[in-house]
Protein chains: 2
Amino acid sequence: MTCPCRVLCLVPKPECSKAQGQLPRHRATGPALAKQVMALPLFSGLDHDVLERLMADSTALNLERRSLLFSAGAPADCFYIVLDGQVKLSALTPDGRESIVEVFTPVSSFGEAAMLSDSVFPLHAEVIEDATLIRVGRRAFVATLKSDPVVGYRMLAGMCRWHQRLASEIHHLKQIPPWQRVAEFLLALTDAHAGQAVVSLPFNKEILASRVGIRRESLSRVLARLRDMGVSTEGNSVRIDDVASLRQRCNAAQ
Amino acid sequence: MTCPCRVLCLVPKPECSKAQGQLPRHRATGPALAKQVMALPLFSGLDHDVLERLMADSTALNLERRSLLFSAGAPADCFYIVLDGQVKLSALTPDGRESIVEVFTPVSSFGEAAMLSDSVFPLHAEVIEDATLIRVGRRAFVATLKSDPVVGYRMLAGMCRWHQRLASEIHHLKQIPPWQRVAEFLLALTDAHAGQAVVSLPFNKEILASRVGIRRESLSRVLARLRDMGVSTEGNSVRIDDVASLRQRCNAAQ
DNA sequence: TTTCGTGCCTGACGAAAGTCAAGGGCACCC
DNA sequence: GGGTGCCCTTGACTTTCGTCAGGCACGAAA
């Protein structure tokens, strides 16, 4: 179920429109899609034609929930961009439990690290919500990278920003108590700086718990506690009564 | 207190030897130094002449403990390589406590992220053990990066590996209990796979505690508990009676 | 010598997370 | 209707971490 036309074709050719019919979850096509992809940290600041060259031998994939993209140890001759749905990267702890390292939602990319360096994926990747992905082939990507000096520089800068995000997450895990991590996660879902806000959780609570580094039972308790701070949850919809007040509490707290 | 000669000069000129006298902590000079620097993730796989071009306007620094390299918000027109000593990167939590994000020991680099993207440092950097650093200027670095297509590619791959390390650390912080993180930290200090091993802690316990994400009191308790597993500490020297057994316990544990 | 600061350990206590177990609500399917 | 699986919540209990406080060893400064 791959798209035969160029992934980023700005003006889909007639024969492509049929192919795109096979990709019902393609919310954005043509220019809009390109715009989303160009917003990725890896690609930020790159020209559109460079992008097309980078992704010359890429294909789109439609995968159902529970599809295994790759297992740890598989050869990494490509990386992936999530256009829709969700993909989780997980490791297996020695005692057999699963540990979710990261969950990728639209629009984000993963696997470049393995493709560019190790050539072997270090983690498992599984689709956890029916997904549309771009599979970026190694050949054209690396060739373009080597041919154009600016490309590498721009991508490097993008990676660096990403690196900072990870470093900041490490800082959070060490220094911020779980309930605050949850609160900040919720606050990050809204643009509002004051007043009421209603956000919807991007994934279920099992995964949210894993994201903030606690068990799901603990998450339930945290959410119960947050109710006293004006945070009410119903299903995956969360209402924050007073955004400013919650923000303040996060900052002021212990 | 900067070295006037080229940082990586293979054969120090006469006038340089005097300058190097000002840098008593330069353990490695010339080829040895270059070798160390080239082992950095950022530079792995680069030719020596490329390295020299990258670091054309770099200088060496000798700084005493407690020197402030830069504060959060300072313009990032360079990044640093630690040749000797230690530098900590820290953030200030809203309530004024310090949070150590990372500690850099020889030979490692930091600040590239800020230099290449934001042009502002997001963290504070302070020397915590008398240090010898290379301050890599932005101009030549970026110029070289843009002029040679392969350089960016190689550096990108290096960054990706680094990225994986961070991702794995996040995984650890979420999934591994503190005592195991300490144990694994100790195990990582030795090459031995079995039998006895004696390692020396690369920094004091306050910092070690911060590294593994617990308080120093908790670290003391953890080390006390590890004594039952044949781990005895005396000062900054740690003896592991049975490396294999400890490894197994880490893996088998809960 | 005393004094002070530093680094480290330890105990007591409370808060909070993990674990185990049970159960409710809901969709889906015979 | 009843069965089943999934997601989530709650309670009881255990474990552990953080906090506060005290104390000891050591070296530098007064």
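So that the names make sense, note that chain A is the first sequence line, chain B the second, and so on, each numbered from 1.
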Exercise for the section: Taking the side chain as every heavy atom from C-beta outward, state whether A:Y80 and A:L69 have any atom pair closer than 4.5 Å. Expected result: yes
Exercise for the section: Check whether any side-chain N or O of B:K205 sits under 3.5 Å from a backbone N or O of B:S220 as a donor-acceptor pair, and report yes or no. Expected result: no
Exercise for the section: Figure out the CZ/P separation between B:R215 and C:dA16, and round it to whole Å. Expected result: 15 Å
Fill in the blank from the handout: Here the distance between atom C1' of C:dG18 and atom NZ of B:K174, to the nearest Å, is 17 Å
Practice task
Let me know the distance between CH2 of A:W179 and C1' of D:dC17, rounded to the nearest Å.
Solution key: 17 Å
Atom pairs and distances, donor-acceptor, side-chain atoms in residues 184-201 of chain B, under 3.5 Å, two or more places apart:
residue, atom, partner, partner atom, Å
B:T190, OG1, B:A192, N, 3.0

Please list, pair by pair, any protein nitrogen or oxygen found under 3.5 Å from a nitrogen or oxygen in nucleotides 6-11 of chain C.
residue, atom, partner, partner atom, Å
C:dG7, OP1, B:R65, NH2, 3.2
C:dC8, OP1, B:K205, N, 3.4
C:dC8, OP2, B:K205, N, 3.4
C:dC9, OP1, B:K205, NZ, 3.0
C:dC9, OP2, B:S220, OG, 2.8
C:dG11, N7, B:R221, NH1, 3.2
C:dG11, O6, B:R221, NH2, 3.4

Practice task
Rounded to the nearest angstrom, tell me the gap between atom CD in B:Q175 and atom C1' in C:dA17.
Solution key: 14 Å
Problem - Length of the CD-C1' vector between A:E234 and C:dC26, whole Å - result: 14 Å
Practice task
Please answer whether the main-chain N or O of B:I176 pairs with a side-chain N or O of B:R181 as donor and acceptor at a distance below 3.5 Å.
Solution key: yes
Handout entry: Ring geometry between B:F70 and B:F110 (parallel below 30°, tilted from 30 to 60°, perpendicular above 60°)
Key = tilted
Handout entry: Length of the line joining A:R225:CZ and D:dT9:P, which is rounded to integer Å
Key = 15 Å
Exercise for the section: Could you check B:I207, B:V87, B:N204 and say which one makes a side-chain contact (heavy atoms from CB on, under 4.5 Å) with B:I128? Expected result: B:I207
Exercise for the section: Measure from CD1 on B:I214 to P on D:dT19 and round the result to the nearest Å. Expected result: 12 Å
